[in-house]
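One structure is given here, and the rest of the page talks about it.
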Amino acid sequence: MTEIRVLTDEAQYRAHNTLFRRAMHWGPPTDEQWPATLPSYEPGRVLAAFEGDEMVGTTQSFACAMVVPGGAVVPHAAVSRVGVRPDYTRRGVLSGLMREQLSTLSEPVATLRASEGRIYGRFGYGLAGRVRFLRIDARKAVIPGSPAGQVRMVDPDTSDELLPELHARFGLDRPGQISRWPGWWARALDRKTEAENRVMVVHSGPDGDDGYVCYKVSEDKDFKHHMEVQDFAWANADAWRDLWIYLTRLDLVDTIEVDAALDDPLHWLFEDPRVVYTKDVYDQIWLRLVDVPRMLAARTYGTAGPVVIEVRDRLLPANDGCYRVSPDGAERVEAKPDITIPVDLLGAVYLGDTKFSDLAAARRIEGSRFAEADALFAGPVAPLCSTFF
Ligand SMILES: CC(C)(COP(=O)(O)OP(=O)(O)OC[C@H]1O[C@@H](n2cnc3c(N)ncnc32)[C@H](O)[C@@H]1OP(=O)(O)O)[C@@H](O)C(=O)NCCC(=O)NCCS
């Protein structure tokens with residue numbers, strides 16, 4: 001019988017990391033990588049499934065906070081390192097891990113990145129945010145005009161100090177953005193692995209530092225230079241535009257690749273909007289409303305008549321029930337529902353990426369008053385999570 005245990009010591013954490021990496025077809029962590037990985041194991045948040053003494057499955061979560069529509073920031077669990085040993089798959093190991101994790105999380109919401117689209121809906125996670133993967137033809141990218149502020153390159157030691165501070169100041173700019181925890185920074189700033197050859201540039205305007213970008217340029221066998229934008233945050237439009245002027249005027253660079261929100265107006269910066277090419281749109285945020293009443297109360301709503309939504313949650317039945325949502329907020333009610341929705345699809349509409357009417361058209365939900373529900377849940381900006389975990 002599979003038993004789920006909370007891991008407590010470094011040897012177990014390393015076995016957990018090795019198992020997860022094997023499930024992903026990666027090699028085990030090297031002695032060089034391990035010191036930067038260890039801080040990402042937070043006591044009490046690391047679960048493993050055992051068959052007797054054998055570890056056969058893993059998951060864990062990181063405690064942080066997430067922006068919800070309207071700007072409130074709520075406690076959030078970033079779920080990661082989900083893996084089952086290849087010789088133990090399809091025997092319910094993941095199901096056991098998910099049930100245990102969801103019933104013990106103290107945060108009202110969890111998100112994860114899914115390796116495959118069919119895994120997590122059954123556990124109440126819905127596809128709540130997508131991202132555009134852009135390629136920019138840097139040789140042809142012309143942004144007219146001059147920069148409004150100053151851009152400076154910072155050395156790695158300064159960047160290690162500045163990045164967490166600046167991200168905390170203006171990185172939480174959209175629904176779906178999450179704060180970064182110490183273990184996340186330990187890995188991101190580890191020069192032996194991730195941060196090798198990373199360049200950081202900071203923008204300052206009249207009120208001081210107000211934007212940054214981290215990038216890495218590599219050269220291929222045809223001597224073409226490709227830039228990967230790894231981290232980008234800004235507090236205002238001048239910082240955003242100036243940093244793009246800097247990136248597109250760098251010598252030698254042929255192409256720039258960057259992840260951007262679905263509504264990012266980047267192409268409007270350039271004389272020729274076609275220099276920005278969408279290579280892919282992929283699902284990014286899979287969101288699980290762990291505490292539905294708390295999460296419905298945490299966000300704001302648009303202008304429309306009230307709608308009663310009946311939520312069904314197979315794994316966490318405390319969420320079952322009807323909620324009246326109106327421009328004044330959300331509350332639990334005893335009333336006839338307008339819409340009935342499973343919790344994974346409520347997660348999908350929560351950040352504003354998906355509309356109730358689209359789910360109805362796809363015959364995924366039933367009811368009426370979908371236009372009102374769309375207007376209530378719509379937000380002025382598309383969700384995004386710039387922090388990979
Ligand atoms: C994905 C993974 C964790 C699933 O673990 P598992 O122990 O096999 O899952 P379970 O046996 O609990 O499966 C539960 C249900 O999900 C389904 N399922 C699980 N993985 C699936 C997948 N990749 N695609 C489609 N369905 C899947 C199972 O068929 C089962 O369905 P059922 O209840 O109708 O029988 C495991 O296959 C794995 O480690 N894969 C490689 C690493 C990976 O992708 N990790 C996820 C990173 S985000």
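Numbering of ligands and ligand atoms starts at 1, following listing order.
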Below 3.5 angstrom, do we get any N/O pair linking [X] and ligand 1?
| X | answer |
| --- | --- |
| Arg122 | yes |
| Phe123 | no |
| Ala114 | no |
| Arg91 | yes |
| Met24 | no |

- Item | Part of Val84 within contact of ligand 1 (heavy atoms, under 4.0 Å) | both
- Is the distance between the ring centroids of Tyr246 and Trp244 under 6.0 Å? no
- Query: Can we call the ring centroids of Tyr212 and Phe232 under 6.0 Å apart?
  - Reply: no
- Task: Please check atom 40 (N) of ligand 1 for a protein heavy-atom neighbour under 4.0 Å.
- Result: no
- Message: Need the ligand 1 atom indices (1-based, order shown) with element for anything under 4.0 Å from a heavy-atom of Arg113.
- Response: 48 (S)
- Item | Pairing residues for Glu366 by the side chain to side chain donor-acceptor pair (under 3.5 Å) criterion, not counting sequence neighbours | none
- ring-ring contact (aromatic ring centres under 6.0 Å, His included) with Trp26: which residues, sequence neighbours excluded? Phe20
